[in-house]
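First comes the structure, then the notes that go with it.
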Amino acid sequence: MTHDITLKLADEQATLKLGADFARSLIAGVNVYLHGDLGAGKTTLVRGALNGLEFFGKVKSPTYTLVEPYQVQINKKMTNLYHFDLYRFMDEEEWEAAGFRDYFNPHSICLIEWPDKAGSLIPLADIDVYLELSGEGRIARLIANTTAGKVCLEHYQES
Ligand code: ADP
Ligand code: MG
């Protein structure tokens, strides 16, 4: 059983592919934290994930909006997928006012860049993804923390 996956990503294509393969393993209700410095490839991974779920529209980095909502099919069901980038997050009241709390529910999937910026406002991660620079490429590590997260990583399969 694989609850901890490490992969070498030689180029952007490899990050997109990991995103796509990973996305196909996701189930509704999971929360994924994306860790790594600026430029590590977090947004690229999300773009790959959305492409893997057959969303081929534009994927914008939600740098100023904090979140970008998408609708994707997960196990044949329309599911809300929220891509957060909390790099510029600073106001806890804004979190409540914007209704972000409701984005975390058993029917949605949340992929979160810079989760630490919102402290304890965000529910804990089912899966932590760490991206790190390594030469010209990247190293990715996926770690499941919960039963739901483990179920996903067990289903993870390279296409
Ligand atoms: P982040 O969201 O973590 O700040 P981005 O996803 O915006 O980072 O990616 C920053 C840059 O890294 C992009 O130009 C992207 O093409 C590049 N990149 C992504 N994955 C890889 C990789 N595995 N190897 C080399 N470059 C990559
Ligand atoms: Mg980003």
Side-chain angles (χ1 to χ4, degrees), residues 2-26 29-72 74 79-92 94-95 97-104 108-145 149 152-153 155-159:
T2 323
H3 304 148
D4 183 338
I5 299 168
T6 303
L7 293 164
K8 189 148 176 40
L9 307 171
D11 52 23
E12 183 185 21
Q13 276 312 314
T15 306
L16 290 168
K17 182 174 179 296
L18 168 61
D21 291 340
F22 175 58
R24 284 189 284 268
S25 79
L26 293 177
V30 300
N31 221 355
V32 180
Y33 286 8
L34 302 169
H35 306 275
D37 291 337
L38 274 178
K42 303 181 293 298
T43 301
T44 305
L45 191 93
V46 172
R47 192 169 289 131
L50 284 161
N51 292 344
L53 296 170
E54 291 175 10
F55 176 89
F56 296 112
K58 207 169 144 60
V59 176
K60 294 183 289 181
S61 188
T63 314
Y64 294 96
T65 52
L66 299 180
V67 66
E68 205 55 59
Y70 299 91
Q71 286 216 314
V72 293
I74 299 279
T79 303
N80 290 314
L81 184 153
Y82 298 108
H83 173 206
F84 284 91
D85 181 340
L86 301 177
Y87 190 68
R88 288 171 199 279
F89 178 80
M90 41 191 134
D91 186 354
E92 297 211 351
E94 180 190 354
W95 184 270
F100 288 163
R101 183 214 293 264
D102 300 335
Y103 287 34
F104 296 84
S108 68
I109 288 174
C110 293
L111 307 179
I112 307 142
E113 298 184 45
W114 301 101
D116 301 350
K117 302 268 180 180
S120 57
L121 291 173
I122 324 182
L124 293 177
D126 293 289
I127 299 168
D128 281 301
V129 175
Y130 295 89
L131 287 161
E132 223 180 286
L133 269 71
S134 165
E136 304 276 287
R138 309 287 187 267
I139 302 266
R141 186 154 180 225
L142 285 62
I143 300 170
N145 305 313
C152 295
L153 293 195
H155 288 156
Y156 170 82
Q157 216 176 358
E158 286 190 42
S159 57

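One-based numbering, in listed order, for ligands and for the atoms of each. In this text, all values refer to a predicted model and were calculated from it rather than measured experimentally.
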*Are Ala10 and ligand 1 in contact, using a heavy-atom cut-off of under 4.0 Å?*
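Under 4.0 Å: yes for Ala10.
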*Heavy-atom contact under 4.0 Å between Ala14 and ligand 1?*
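No heavy atom of Ala14 comes that close to ligand 1.
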Name the closest protein heavy atom to [atom], giving the residue it belongs to and the distance to 0.1 Å.
atom: atom 25 (C) of ligand 1; answer: Glu136 O, 3.2 Å
atom: atom 4 (O) of ligand 1; answer: Gly39 N, 2.7 Å
atom: atom 24 (N) of ligand 1; answer: Asp11 CA, 3.3 Å
atom: atom 6 (O) of ligand 1; answer: Thr44 OG1, 2.6 Å
atom: atom 8 (O) of ligand 1; answer: Gly41 N, 3.1 Å
atom: atom 21 (C) of ligand 1; answer: Thr15 OG1, 3.4 Å

If we only count N/O pairs under 3.5 Å, is [X] in contact with ligand 1?
X: Ala40; result: yes
X: Gly137; result: no
X: Leu38; result: no

Is a donor on one side and an acceptor on the other found under 3.5 Å between the side chain of [X] and the backbone of [Y]?
X: Lys42; Y: Tyr33; value: no
X: Asp11; Y: Ala14; value: yes
X: Asn31; Y: Pro123; value: yes

*With heavy atoms of Leu9 as the reference, note each atom of ligand 1 found under 4.0 Å away.*
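In order of numbering, the contacting atoms are 22 (C), 23 (N), 24 (N).
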*Counting from 1, what ligand 1 atoms have a heavy atom of Asp37 closer than 4.0 Å?*
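Under 4.0 Å from Asp37, ligand 1 has these atoms: 3 (O).
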Atom of [X], atom of [Y] and distance for their closest heavy-atom approach:
X: Glu68; Y: Pro62; answer: N-CB, 3.9 Å
X: Cys152; Y: Ser25; answer: O-CB, 3.2 Å
X: Gly41; Y: Thr15; answer: O-CG2, 3.7 Å
X: Ala140; Y: Leu9; answer: CB-CD1, 3.7 Å
X: Val30; Y: Asp126; answer: CA-OD2, 3.3 Å
X: Leu142; Y: Phe22; answer: CD2-CD1, 3.6 Å

*Indicate, with yes or no, if the rings of Phe100 and Phe84 have centres closer together than 6.0 Å.*
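Between Phe100 and Phe84, the centre distance is under 6.0 Å.
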*Verify atom 14 (O) of ligand 1: protein non-hydrogen atom under 4.0 angstrom away*: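 For atom 14 (O) of ligand 1 the answer is no, since every protein heavy atom stays at 4.0 Å or beyond.
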*Looking only at non-hydrogen atoms, which of Val46, Leu133, Thr43 approaches atom 2 (O) of ligand 1 most closely?*
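Answer by nearest heavy atom: Thr43.
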*Taking atom 12 (O) of ligand 1 as the point of reference, which of Lys42, Lys8, Arg138, Glu12 owns the nearest heavy atom?*
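Among Lys42, Lys8, Arg138, Glu12, the closest heavy atom to atom 12 (O) of ligand 1 belongs to Arg138.
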*When you look for heavy atoms under 4.0 Å from ligand 1, do you find them on the side chain of Asp85, its backbone, both, or neither?*
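Within the 4.0 Å criterion, Asp85 makes no contact with ligand 1.
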_Below 4.0 Å, non-hydrogen atoms only: which portion of Glu113 touches ligand 1? Side chain, backbone, both or neither._
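Side chain only.
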*Single hit among Lys60, His83, Glu113 for side chain to side chain donor-acceptor pair (under 3.5 Å) with Thr43*: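 Single side chain to side chain donor-acceptor pair (under 3.5 Å) partner of Thr43 among Lys60, His83, Glu113: Glu113.
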*asked:* Nearest 10°: the angle subtended at the Mg ion (ligand 2) by Thr43 OG1 and Glu113 OE1?
replied: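 Taking the Mg ion (ligand 2) as the apex, I get 90° for this pair.
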_Given Val67, Asp116, Leu66, the one that forms side-chain contact (heavy atoms from CB on, under 4.5 Å) with Phe89_ =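 For Phe89, the side-chain contact (heavy atoms from CB on, under 4.5 Å) test succeeds with only one of Val67, Asp116, Leu66, which is Leu66.
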